[in-house]
Amino acid sequence: MTDEILIAGGGIGGLATALACARAGRRVRVLERSEEFAEIGAGLQLAPNATRILDRLGVLGRVVEAGVLPERLVFNDALTGDRLTHLDLGERFRQRYGGPYVVVHRSDLLDILVAACREHGVPLDNDRHVTGVTSRPDGVTVSCADGTGYHGALVVAADGLRSGLRGLLSDDEPVCSGYVAYRGAVPIEEAGAHGALTDVVVWLGPGLHLVQYPLRGGRMYNQVAVFHSRRFAEGHADWGLPGELDEAFSVTCDRVRAAVPALWRDRRWPMSDREPIGDWVAGRTALLGDAAHPMLQYLAQGACQAIEDAAALADAVDRHLPAGYSGAGDVDKALRAYAAERIPRTARVQRTARVWGDIWHVDGLARDLRNALFSRRDAGDFSDTDWLYGPGPTASKETAHA
Ligand code: FAD
């Protein structure tokens with residue numbers, strides 16, 4: 001029986017896991033249903049809890065080179081345009097958390113992970129739509145829609161928000177928030193005056209927000225506009241269309257309204273998450289990334305948590321599963337150690353993301369109170385972000401591999 005680790009899904013989570021396992025000396029293979037490894041052409045924020053791991057995986061230099069190190073994370077009121085507070089992301093922040101805050105084009109990050117996997121000899125198989133997994137005492141078999149099959153020691157289900165393999169553990173469904181996101185990443189020349197940014201800027205308004213940041217060394221400008229759909233609340237099937245986007249943002253200040261035309265209008269992303277679940281391991285299969293803990297994007301942590309999962313899974317395999325061996329007991333120990341470390345942390349991030357979004361979107365008295373509290377905080381106060389960006393249980397390993 002083979003000791004290969006099979007990964008179903010070649011998104012950021014699956015590829016980071018493949019890289020982490022390969023660097024730890026494991027045989028690993030990625031099965032991706034699409035014809036090629038691809039991400040949407042928009043931006044991604046990576047906080048230090050993820051960049052420390054990318055450093056350990058040997059790719060942080062390439063990610064920073066492809067992206068931007070923003071100076072600050074700024075929060076403004078979307079109606080008045082007033083500055084509420086900001087978080088300094090400079091040297092003190094980097095020292096405190098042992099890694100930078102980076103914004104990067106998703107395609108660039110994916111290309112870097114694909115290249116690093118190839119450099120480590122990881123087979124990356126496209127057109128492999130995983131349809132089933134059978135765990136046996138001596139190994140696991142993965143079946144694909146085209147009739148191909150693979151044998152391995154264990155399977156990592158990194159197949160995203162609508163994971164089919166999650167069905168091995170739960171019959172839950174994604175929970176739609178009624179909010180929808182419009183994105184846009186355009187060359188800086190097309191962005192106009194408001195495109196010259198060195199910060200991540202978040203504009204908060206009642207039932208809406210806008211996030212803006214530079215990409216590719218400042219040559220691109222990225223935006224995400226999110227709003228709660230009235231038509232969703234009224235039960236219409238077609239909700240969150242561009243007309244509603246314009247209507248929602250019509251009440252915002254000049255600088256926010258001026259940014260809306262640079263959004264793509266031909267695609268939108270309804271925002272869903274799921275309730276945390278208490279078990280991620282079924283036989284020789286473990287969930288990872290959005291398949292395990294999809295979250296609303298308000299903390300910008302979905303991919304960061306998938307990258308944390310990748311390191312934790314590789315460490316657990318390293319600790320509990322001797323190389324060249326695929327005994328069921330050791331596989332179970334490794335997968336359960338991984339899940340035990342990751343479930344409480346990711347459940348906290350999932351739950352906090354929902355509440356953080358609620359705080360962004362309040363109106364009336366609650367908005368006044370939020371603005372007063374935000375305005376009072378010190379830009380160099382990191383006490384609210386320590387739990388999220390600070391070193392977790394994987395810290396000793398991060399240092400060991402540095
Ligand atoms: P996915 O990216 O969904 O990858 C799953 C992969 O599996 C895909 O390639 C898919 O084709 C493949 N697949 C699916 N089914 C099968 C199958 N049966 N067989 C084989 N392959 C299969 N996160 C951050 O950290 N920072 C941010 O700034 C941020 N901003 C966001 C903004 C928005 C608007 C949204 C919607 C999300 C944001 N996120 C952010 C969240 C982040 O994008 C996701 O959490 C992350 O991409 C999840 O990665 P994944 O690899 O787990 O899943």
Side-chain angles (χ1 to χ4, degrees), residues 7 9-26 28 30 37 39 42-70 73 89 91 93-120 122 124 156 158 200 213-217 222 288-290 297 299-318 338 341-342 345-346 349 385 388-402:
I7 300 180
I12 293 164
L15 290 169
T17 306
L19 182 57
C21 292
R23 284 178 66 91
R26 299 297 167 148
V28 54
V30 180
F37 292 91
E39 259 285 354
L44 187 73
Q45 304 177 55
L46 293 171
N49 56 309
T51 59
R52 285 195 305 271
I53 293 167
L54 295 176
D55 193 19
R56 167 185 158 184
L57 298 182
V59 294
L60 180 61
R62 284 185 248 183
V63 172
V64 170
E65 203 179 316
V68 172
L69 298 179
L73 177 54
L89 302 176
E91 200 43 42
F93 176 92
R94 289 194 278 272
Q95 288 289 335
R96 184 178 188 92
Y97 295 126
Y101 200 100
V102 185
V103 286
V104 66
H105 199 286
R106 284 167 178 263
S107 313
D108 295 343
L109 176 62
L110 210 77
D111 289 350
I112 290 165
L113 291 173
V114 165
C117 283
R118 292 210 166 107
E119 284 155 24
H120 284 81
V122 177
L124 301 175
V156 177
V200 175
Y213 51 86
L215 285 176
R216 290 190 172 152
N222 183 77
L288 183 139
D290 273 9
Q297 91 288 12
L299 290 168
Q301 277 286 321
C304 294
Q305 291 302 313
I307 291 168
E308 281 194 12
D309 292 346
L313 187 116
D315 290 348
V317 166
D318 201 29
Y338 151 74
E341 178 184 333
R342 297 297 301 150
R345 160 99 168 147
T346 54
V349 183
T385 44
L388 188 56
Y389 300 161
T394 50
S396 55
K397 275 281 184 177
E398 285 164 23
T399 315
H401 285 72

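- Residue L15 forms a side-chain contact (heavy atoms from CB on, under 4.5 Å) with just one option from L109, I307, L124, and that option is L124.
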Exercise for the section: Tell me, with the steps shown, if R94 and E91 meet salt bridge (Lys or Arg N to Asp or Glu O under 4.0 Å). Expected result: CA-CA 5 Å; R94 289 194 278 272; E91 200 43 42; 3.5 Å; yes
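- Side-chain contact between L288 and I7: absent, with no pair of heavy atoms (C-beta onward) separated by less than 4.5 Å.
- Within the 3.5 Å criterion, the main-chain N or O of G43 finds a donor-acceptor partner in the side chain of R106.
- Looking at heavy atoms from C-beta onward, V64 lies in side-chain contact with L69 at the 4.5 angstrom threshold.
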Handout entry: Full working for side-chain contact (heavy atoms from CB on, under 4.5 Å) between N49 and Q305
Key = CA-CA 8 Å; N49 56 309; Q305 291 302 313; 3.5 Å; yes
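- Two residues are said to be in side-chain contact when any heavy atoms from C-beta on lie closer than 4.5 Å; V102 and V68 fail this criterion.
- Scanning both residues, Q301 and Y389, for their nearest heavy atoms gives NE2-CE2, 3.8 Å.
- Counted within 6.0 Å of CD on E119, heavy atoms from surrounding residues, nucleotides or ligands total more than 12; the atom is thus considered enclosed.
- Judged purely by atom type and a 3.5 angstrom limit, R26 has no side-chain atom pairing as donor or acceptor with the backbone of A20.
- The side-chain heavy atoms of L110 and S107, taken from C-beta on, include no pair separated by under 4.5 Å.
- The backbone N or O of R56 sits less than 3.5 Å from a side-chain atom of R23, completing a donor-acceptor pair.
- Side-chain contact check for P100 versus L60: some heavy-atom pair is nearer than 4.5 Å.
- The side-chain heavy atoms of L46 and V104, taken from C-beta on, include a pair separated by under 4.5 Å.
- In this structure a side-chain-to-backbone donor-acceptor pair under 3.5 Å is missing from R62 to D108.
- With sequence neighbours left out, Y213 forms a ring pair (Phe, Tyr, Trp, His ring centres under 6.0 Å) with no residue at all.
- The shortest non-hydrogen separation linking G289 to A306 is CA-CB, 3.7 Å.
- Looking only at side-chain heavy atoms (C-beta outward), L19 and V59 come within less than 4.5 Å of each other.
- For the side-chain contact (heavy atoms from CB on, under 4.5 Å) test with C21, the passing option among L313, V122, D318 is L313; the others fail.
- Residues Y101 and P70 share a closest heavy-atom pair of O-CD, 3.2 Å.
- Scanning all heavy atoms of the two residues, the minimum distance from A22 to H120 falls at CB-CB, 3.9 Å.
- Residues that satisfy the ring pair (Phe, Tyr, Trp, His ring centres under 6.0 Å) test with F37, not counting sequence neighbours, are absent from this structure.
- Rounded to the nearest 0.5 Å, atoms CD (Q297) and CG (L44) are 11.0 Å apart.
- Here the shortest heavy-atom pairing between R52 and G98 reads CG-O, 3.3 Å.
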